[in-house]
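I have placed the structure first, in the form of structure tokens, so that the comments after it can refer back to it.
Lettering of chains follows the sequences in order, A, B, ..., and the numbering in each one begins at 1.
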2 protein chains.
Amino acid sequence: MAKHDPTLDHLFHALSDPTRRMMLTRLARGPAAVTELAAPTGLRLPTVMRHLSVLEEAGLVTTQKDGRVRSCAFQPQALAPMRDWLEEQRKIWEARLDRLDDYVMTLMKDRTDES
Amino acid sequence: MAKHDPTLDHLFHALSDPTRRMMLTRLARGPAAVTELAAPTGLRLPTVMRHLSVLEEAGLVTTQKDGRVRSCAFQPQALAPMRDWLEEQRKIWEARLDRLDDYVMTLMKDRTDES
DNA sequence: ATCATGCTTAGCCATACCGCTAACAAACCA
DNA sequence: TGGTTTGTTAGCGGTATGGCTAAGCATGAT
């Protein structure tokens with residue numbers, strides 16, 4: 001059970017920006033060069049590069065240069081920690097609902113005993 | 001298909017901070033007052049209040065005052081847009097894999113035709 | 001050899017974020 | 001009433017973020 005998990009920090013932070021989500025969605029369809037990635041955003045290249053490095057930092061994207069072109073690829077397994085975290089929260093929440101349920105049942109039983 | 005979805009922005013941003021995730025995990029176990037929520041963080045109250053309002057902004061938490069104590073409650077349905085987004089990405093990715101698969105099959109067929 | 005292409009680096013600017021203290025307000029408690 | 005508990009507001013300081021321009025560098029095309 002991680003107390004401080006910088007992985008989740010980076011993941012969630014990377015996804016909190018619409019431009020970065022747009023870039024990621026594009027990359028989910030297949031690899032792309034930086035310029036190609038930048039085009040639909042309407043942003044300048046240095047700006048896009050920065051977004052790209054945030055995505056790399058989060059492990060969501062890997063890149064490699066081939067010639068003068070940098071090719072970027074989506075890494076779907078990087079989303080796993082997020083799914084895991086969601087699942088963990090869901091379990092905690094449902095355990096709570098179960099306890100609530102037990103409690104309500106107890107109340108009903110008490111009422112039955114009284115009658 | 002949302003182009004700019006501030007909901008996702010707020011959601012992911014809210015979850016990008018370990019303190020806020022800790023608070024949320026605590027609240028998943030059941031409602032709590034602000035002070036109770038602050039205790040395990042080691043942070044001052046105003047700081048925690050700020051985190052709390054970020055969580056509220058994202059819809060992840062609702063609060064209400066009764067007496068002088070503010071009670072905070074987790075809102076699990078607020079996580080739905082995130083699940084949806086994840087699912088959307090997964091679909092795009094898998095569609096891509098399917099296309100890749102088709103392509104490989106085509107290549108194999110060509111090789112077979114050649115032999 | 002020259003030029004165009006595709007990044008890449010450096011650095012500026014405005015705003016947002018995350019922590020804090022200090023001071024105030026509104027319950028509740030004795 | 002007077003004190004304690006529980007928020008709440010205002011505002012400060014340092015850092016991070018997200019945009020930009022300008023200039024540099026390496027590669028590919030002519």
Atom CG in L55(A), atom CZ in R20(A): separation rounded to 0.5 Å? 6.5 Å
Using a cut-off of less than 4.0 Å, is there contact between a side-chain N or O of K65(B) and OP1 or OP2 of dT6(D)? no
Any side-chain heavy atom of P18(A) within less than 4.5 Å of one from D9(B)? yes
Atom NZ of residue position K65(B) - does it have more than 12 heavy atoms of other residues, nucleotides or ligands inside 6.0 Å? yes
Do any of residues 39-62 of chain B sit with a heavy atom less than 4.0 Å from DNA chain D, and if so which? L45(B), P46(B), M49(B)
Is the closest basic N to carboxylate O distance between R90(B) and E87(B) below 4.0 Å? yes
Measuring from the side chain of R70(A) (C-beta onward, heavy atoms only), which nucleotide among dG19(C), dG7(D), dC7(C) has the closest atom? dC7(C)
Tell me the interatomic distance from Q64(B), atom CD, to dT8(D), atom C1', rounded to whole angstroms. 18 Å
Strictly below 4.0 Å: does H13(A) bring a side-chain N or O up to OP1 or OP2 of dA16(D)? no
Kindly give the heavy-atom pair with the smallest separation between A38(B) and L45(B), and that separation in Å. CB-CD2, 4.0 Å
Minimum heavy-atom separation for R26(B) to P31(B), with atom names? NH2-O, 3.4 Å
Hey, is the side chain of T35(B) poking within less than 4.0 Å of OP1 or OP2 on dG7(D), counting only N and O atoms? yes
Could you tell me the separation between the CZ atom of R21(B) and the CG atom of L15(B), rounded to the nearest 0.5 Å? 7.5 Å
Knowing that exactly one of L24(B), T25(B), L27(B) qualifies, which makes a side-chain contact (heavy atoms from CB on, under 4.5 Å) with I92(A)? T25(B)
d(CG, D17(A); C1', dC17(C)) in whole Å: 15 Å
Under 3.5 Å between N/O atoms: give me all the protein pairs with nucleotides 28-30 of chain D, atom names plus distance.
unit_1  : atom_1 : unit_2 : atom_2 : d
dG28(D) : O4'    : R68(A) : NH2    : 3.4

For R20(A) and dG19(D), give me the distance from atom CZ to atom C1', rounded to whole Å. 12 Å
